[in-house]
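Below: one structure, written as structure tokens.
All ligand and atom numbering here is 1-based and tracks the order in the structure. If you're wondering where the values come from, they're calculated on a predicted model, not measured in any experiment. Heads up: numbering here begins at 1 and tracks the sequence. Keep in mind that the numbers below use all heavy atoms, side chains included, and drop hydrogens, waters and symmetry copies.
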Amino acid sequence: MNSGDIKAWVDLQAHAEEMQSQHLSELFQSEESRFDMFSFAAEHFLLDLSKQRITKQTLAKLTALAEQQELSEWIEKLFTGEQVNVSEGRSALHTALRLPKEDALQVNGQAITKDVHASLEKMESLVRQIQQGQWRGFDGRPIRSIVNIGVGGSNLGPLMACDALEQYTPIESQQLDVHFVSSMDGSELEKLLPMLDPATTLFIVASKTFTTIDTLANANTAREWLLKASGKPIELINQHHFIAATGNIELAQKWGIPERNQLLFWDWVGGRYSLWSVIGLPIALKVGMDNFRAILKGAHAMDVHFREASFDKNLPVLLGLIGVWNINFLNIHAHAILPYDGRLTHFPSYLQQLEMESNGKSVNGKGERLNYRTCPVLWGEVGSNAQHAFYQLLHQGTELVMCDFITAAVRYEGEGDELQQQHQLSLANCLAQSRLLALGAESTTDLSYQHYDGNQPSTTIMLDELTPETFGGLVALYEHKVFVQSVIWEINPFDQWGVEKGKKIALSLSTEFKSEVGEHLDSSTKGLIQHVQANRGQYEN
Ligand code: F6P
């Protein structure tokens, strides 16, 4: 689209000019009931937008933009399996992964719900065998350690979920320890392998494509370790120590993983949308299959809300539109994710992939260049830790930053006063920071370094409690937020061509380290390779 051709966009630009001069402290003074006006509740969530630089008019204009961009139609296309991923000719049906059994969905001749539940059942059967000690390693002892080898979407979701929901580990899983390995350079394996017993360790090779070099390199190292430690044939090692969670059965098979150990998902599940599929196996092993199903249930409740609620009450729609307002109309291009809950440590990095790999694009679905900004730079950290690291910039720097504060109203019920007090302390800090960022504070002296400008907008997302269900809902909330923004920006959020070229160049460069450096290379790349070669020589001598 040319933004100038969209009436609601032009309208918002004019409105933004008026709003630019308004300070959040003035908005709070003039509208006493801002919290009532701009907080929205649904599905165990409260979304407080009152600290955003908006009025009722802003929201009306934003929802008009959503209507003009045919958001309702796009939501239906998403849920019904139309090929919304146009560049790859695929549907994006992650919502189907959390459909209850009785909600039959059929797309292009595939009985989606039936296949999804069959795959969940195969996963459940593997989980039970492992939990009950029936899955045995090469010397007949039961498996005790699980190592998930995967990267990006095949790592970040399961890692985040296992950490966030650790307290829900059922008795059957308590004897299992679950680890994650992603880095291409082998750093994690180098540290982890000496601590594990090869005979009782099971590796999950998690890769949608089964071509990702990072994952294959780690899987090969792991297998060599097992072969050396056991002295057993490779077939036996593959059979007892490797499971594949993949969309590419042929390559998994070729690598040596037998059919019994293959868990399948489909090309209509994007990597960064795959934690609900068999990629969630480590989650199910850690928190149990019942809790895994509860995660799906919570996400499904958010799906239903997203599909059915009117835009002015729809949490993912509102969250997405607020982002558009900040980015395209208030010119804010940095976004901090600040969970005030140590269990959500990995949530910012999960969202980095979800948001930036989905919407970090400058052409529309038809391949035309866009004349407006899209996904901002997104980063984050557990809020209370970030206070001691980068909040200085949020409060007194020169950058405009929008923040998402995420917290749970209730925690540690019945677990002792000290912990409850710590939770309250954390909540108090969360509220204090968002308040100060919004309202600012005059210096009591004439020292300018004691002055806080404020006017940094933020959203607070408050979960009733962090449970498997609300965790599922929280992740689905952000998935849909990203989709809403992609519709406004006319982006295809389900491809990631921007990450392909670098992989190819790396493949061709990796041979250069062993030989005479090619003349065709630029001087920097050539110089750096030669520097490595020179150092390597010295080290070996
Ligand atoms: O390189 C990016 C990417 O393709 C992500 O989209 C994906 O989540 C990750 O790599 C891992 O891919 P795979 O699951 O196919 O190994």
Side-chain angles (χ1 to χ4, degrees), residues 84-94 97 119 123 147-161 180-186 188-189 203-223 242-255 257 262-283 346-361 375 378 475 478-479 482-483 486 491-510:
V84 287
N85 180 355
V86 279
S87 71
E88 297 177 309
R90 292 173 188 165
S91 323
L93 271 173
H94 42 284
L97 297 170
S119 138
M123 176 159 124
V147 182
N148 187 78
I149 300 181
V151 71
S154 300
N155 165 259
L156 293 166
L159 170 66
M160 164 180 76
F180 290 86
V181 163
S182 60
S183 84
M184 174 193 278
D185 65 354
E188 289 144 338
L189 280 180
F203 293 91
I204 302 167
V205 186
S207 176
K208 178 178 171 183
T209 57
F210 225 86
T211 58
T212 306
I213 196 78
D214 324 41
T215 298
L216 294 176
N218 278 321
N220 285 331
T221 301
R223 186 160 61 185
F242 286 93
I243 290 180
T246 186
N248 194 335
I249 289 294
E250 291 75 30
L251 287 185
Q253 186 92 36
K254 203 165 160 207
W255 194 81
I257 297 184
Q262 294 165 1
L263 290 173
L264 173 69
F265 66 110
W266 307 269
D267 68 356
W268 42 260
V269 181
R272 55 194 171 275
Y273 298 87
S274 66
L275 79 88
W276 325 98
S277 72
V278 293
I279 288 291
L281 176 63
I283 311 174
H346 298 292
F347 195 53
S349 42
Y350 174 81
L351 281 190
Q352 281 178 345
Q353 186 195 14
L354 179 65
E355 301 229 9
M356 298 204 275
E357 201 172 66
S358 297
N359 282 342
K361 295 174 186 161
C375 186
L378 187 134
V475 177
Y478 274 93
E479 283 182 349
V482 166
F483 182 69
S486 78
I491 282 174
N492 171 8
F494 301 116
D495 62 8
Q496 57 283 321
W497 294 100
V499 301
E500 293 309 320
K501 195 76 180 170
K503 293 183 199 171
K504 291 207 176 86
I505 300 175
L507 208 61
S508 69
L509 275 187
S510 57

- Message: For atom 9 (C) of ligand 1, what's the nearest protein heavy-atom neighbour? Residue, atom name and distance, please.
- Response: Val151 O, 3.7 Å
- Query: Got a sec, which residues hit side chain to side chain contact (heavy atoms under 4.5 Å, CB included) with Val499, two or more places apart in sequence or on another chain?
  - Reply: Glu357, Gln496, Lys503
- Query: Can Asp267 and Lys208 be counted as an ion pair, charged N to O under 4.0 angstrom?
  - Reply: no
- Task: Just need the protein heavy atom nearest to atom 10 (O) of ligand 1, so name the residue and atom and give the distance.
- Result: Lys503 NZ, 4.4 Å
- Which of the atoms of ligand 1 are close to Thr212, meaning less than 4.0 Å from one of its heavy atoms? 12 (O), 13 (P), 15 (O), 16 (O)
- Query: Does the separation of the ring centres of Tyr273 and Phe494 fall below 6.0 angstrom?
  - Reply: yes
- atom 8 (O) of ligand 1 sits nearest the protein heavy atom Gly153 N, 2.8 Å
- Which residue and heavy atom of the protein sit nearest atom 15 (O) of ligand 1, plus the separation: Thr209 OG1, 2.6 Å
- Say whether, by atom type as modelled, one donor and one acceptor occur between the side chain of Asn155 and the main chain of Val181 under 3.5 angstrom. no
- Query: Which residue supplies the protein heavy atom nearest to atom 3 (C) of ligand 1, what is that atom called, and how far is it?
  - Reply: Glu357 OE2, 4.1 Å
- Task: Compute the shortest N/O to N/O distance between Glu500 and ligand 1 and return yes if it is under 3.5 Å, no if not.
- Result: no
- Query: For Thr215 and ligand 1, does the shortest N/O to N/O distance drop below 3.5 Å?
  - Reply: no
- Message: Classify the ring geometry of Phe242 against Phe203: parallel below 30°, tilted from 30° to 60°, perpendicular beyond 60°.
- Response: parallel
- Can the positive tip of Arg90 be found less than 6.0 Å from the middle of the six-membered ring of Trp266, inside 45° of the ring normal? no
